[in-house]
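The chain is numbered in sequence order, starting from 1. Excluded from the calculations below are hydrogen atoms, water molecules and symmetry mates; all remaining heavy atoms, backbone and side chain alike, are included.
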Amino acid sequence: MFVAVEMVDTVRIPPWNFQRQFNEAIAEELNKKLANKVVYQVGLCICLYDITKLEDSYIFPGDGASHTKVHFRYVVFHPFLDEILVGKIKHCSQEGVHVSLGFFDDIVIPPESLQQPAKFDEAEQVWVWEYETDEGAHDLYMDQGEDIRFRITDEVFLDTSPTGPSAAATNTPAAPGAEEGGQKKEAPYTLLGTISEPGLGLLSWWNS
């Protein structure tokens with residue numbers, strides 16, 4: 001689930017931090033820049049693991065800060081494919097069951113990856129497994145807050161780097177809370193899962 005990824009970056013230390021331990025100042029700047037951020041094709045950055053190499057520092061004309069090329073390892077959340085995880089159902093939609101791990105919410109189990117036959121209850125806004133028994137079908141609801149065990153089947157990275165102003169952009173300010181361009185903000189890193197296998201699904205199903 002977590003891996004230590006080798007990275008290289010140039011870190012700027014402002015003059016007012018020169019009195020601090022150099023490694024502490026470097027670590028603080030790296031965590032400010034990376035912690036809780038998604039790096040494209042790498043994963044969700046959690047915290048600095050260690051610093052492996054510091055190259056020479058430079059001070060450039062007109063800038064009193066030091067600039068140092070740093071080699072380091074960073075703890076990253078990046079589950080491998082087919083890894084089994086346990087999370088909580090955040091909510092359900094027509095797109096599937098949305099799962100949270102507490103620190104990461106962009107996990108979706110699409111309808112075709114649920115136990116079958118499954119249906120979406122529009123009134124309750126939950127997915128329902130129509131579980132077949134000798135006595136007939138029983139509806140098992142996938143309620144918000146339930147613990148769920150799932151297997152990772154795919155990952156999707158989206159490059160959300162700024163691309164400059166849109167050609168259709170206007171000077172009209174957006175309404176509070178509205179997404180730019182009226183479009184839904186997309187997650188930079190999404191995990192897709194499945195529960196359509198024995199032993200996967202809501203823990204309450206298998207513990208009862």
Which atom of Asp9 lies closest to which atom of Lys33, heavy atoms considered
OD2-NZ, 2.6 Å
Would you please name every residue forming a ring pair (Phe, Tyr, Trp, His ring centres under 6.0 Å) with Phe103, sequence neighbours left out?
Phe2, Phe77
Does any non-hydrogen side-chain atom of Pro117 lie less than 4.5 Å from one of Lys119?
no
Would a hydrophobic clustering, with Ile, Leu, Val, Met, Phe, Trp and Tyr connected at side-chain separations under 4.5 Å, put Leu81 with Met1?
yes
Could you go through the side-chain contact (heavy atoms from CB on, under 4.5 Å) check for Leu202 and Trp129 one step at a time?
CA-CA 11 Å; Leu202 268 62; Trp129 178 21; over 6 Å; no
Are Val128 and Phe120 connected in the hydrophobic side-chain network, where two residues link if heavy atoms are under 4.5 Å apart?
no
Under-4.0 Å salt bridge between Arg151 and Glu197
yes
Go through His98 and Ser93 one step at a time and tell me if the side chain to side chain donor-acceptor pair (under 3.5 Å) criterion holds.
CA-CA 8 Å; His98 300 259; Ser93 71; 2.8 Å; yes
Please find the pair of heavy atoms, one from Ile89 and one from Cys92, that lie closest to each other, and give the distance.
CG2-SG, 4.2 Å
Go through it in stages, so that I can follow the logic: the residues are Asn17 and Glu29, the test is side-chain contact (heavy atoms from CB on, under 4.5 Å), and I'd like the CA-CA distance, side-chain angles, deciding distance and then a yes or no.
CA-CA 11 Å; Asn17 280 338; Glu29 292 300 321; 4.1 Å; yes
Go through it in stages, so that I can follow the logic: the residues are Ser66 and Phe18, the test is side-chain contact (heavy atoms from CB on, under 4.5 Å), and I'd like the CA-CA distance, side-chain angles, deciding distance and then a yes or no.
CA-CA 9 Å; Ser66 69; Phe18 284 174; 3.9 Å; yes
Are Met7 and Val3 connected into the same hydrophobic cluster when the rule is that any two of I, L, V, M, F, W, Y join if their side-chain heavy atoms are below 4.5 Å apart?
yes
Set of side chain to side chain contact (heavy atoms under 4.5 Å, CB included) partners for Glu28, sequence neighbours left out
Arg20, Lys32
Any heavy-atom pair between the side chains of Leu44 and Asn36 that's under 4.5 Å?
yes
More than 12 heavy atoms of other residues, nucleotides or ligands under 6.0 Å from CD of Glu6: is that the case?
no
Do Val86 and Ile148 touch side chain to side chain, with heavy atoms closer than 4.5 Å?
no
Looking at side-chain heavy atoms only, is the closest gap between Val99 and Ile109 below 4.5 Å?
yes
Over 60° means perpendicular and under 30° means parallel, so classify the ring planes of Phe72 and Tyr74, tilted if in between.
perpendicular
For atom CD of Gln21, is the number of surrounding heavy atoms from other residues, nucleotides or ligands below 6.0 Å larger than 12?
no
All heavy atoms of Thr194 vs all of Thr153, minimum pair found to be CG2-CG2, 3.4 Å
Hey, what do you get for NE2 (His91) to CD (Gln144), rounding to the nearest 0.5 Å?
8.5 Å
Main-chain N/O of Gly199 paired to Arg149 side chain as donor or acceptor, under 3.5 Å
yes
I need the minimum non-hydrogen distance between Pro79 and Ile152, along with the two atoms involved.
CB-CG1, 4.3 Å
Evaluate whether atom CZ of Phe22 has more than 12 neighbouring non-hydrogen atoms of other residues, nucleotides or ligands under 6.0 angstrom away.
yes
With a 4.5 Å heavy-atom cut-off, do Ile195 and Gln115 have their side chains touching?
yes
Is any side-chain heavy atom of His78 less than 4.5 Å from a side-chain heavy atom of Glu155?
yes
May I ask whether Val38 and Leu191 are part of the same hydrophobic cluster, defined by side-chain heavy atoms of I, L, V, M, F, W, Y residues being less than 4.5 angstrom apart, directly or through others?
yes
Membership question, hydrophobic clusters at under 4.5 Å side-chain separation (ILVMFWY): are Trp127 and Leu200 in the same one?
yes
Distance flag, aromatic centroids of Tyr40 and Tyr189, threshold under 6.0 Å:
no
Could you grab the distance from atom CD of Gln94 to atom CD of Glu122, nearest 0.5 Å is fine?
4.5 Å
Any heavy-atom pair between the side chains of Glu55 and His71 that's under 4.5 Å?
yes
Spatial distance of atom CD (Gln125) from atom CG (Asp143) [nearest 0.5 Å]:
12.5 Å
If we ignore hydrogens and angles and just use 3.5 Å, is the side chain of Glu124 paired with the main-chain N or O of Asp121 as donor and acceptor?
no
Near Lys69 NZ, under 6.0 Å, is it more than 12 heavy atoms from other residues, nucleotides or ligands?
no
Of all the heavy-atom pairs spanning Thr190 and Ala187, show the shortest one and how long it is.
OG1-CB, 3.7 Å
Can you tell me how far apart CD1 (Ile46) and CG (Leu34) are? Round to the nearest 0.5 Å.
11.5 Å
Under a 4.5 Å cut-off applied to non-hydrogen side-chain atoms, are Val39 and Gln41 in contact?
no
For Glu95 and Val108, the nearest pair of non-hydrogen atoms, with its separation, is O-CG1, 3.9 Å
Pairwise distance CG(Asn31) to SG(Cys47) - rounded to 0.5 angstrom:
6.5 Å
Worked verdict on Val97 versus Leu114 for side-chain contact (heavy atoms from CB on, under 4.5 Å):
CA-CA 9 Å; Val97 177; Leu114 302 173; 3.8 Å; yes
So that I can tick it off, tell me whether Glu146 and Lys88 are bridged by a salt bridge, with the cut-off set at under 4.0 angstrom between side-chain N and carboxylate O.
no
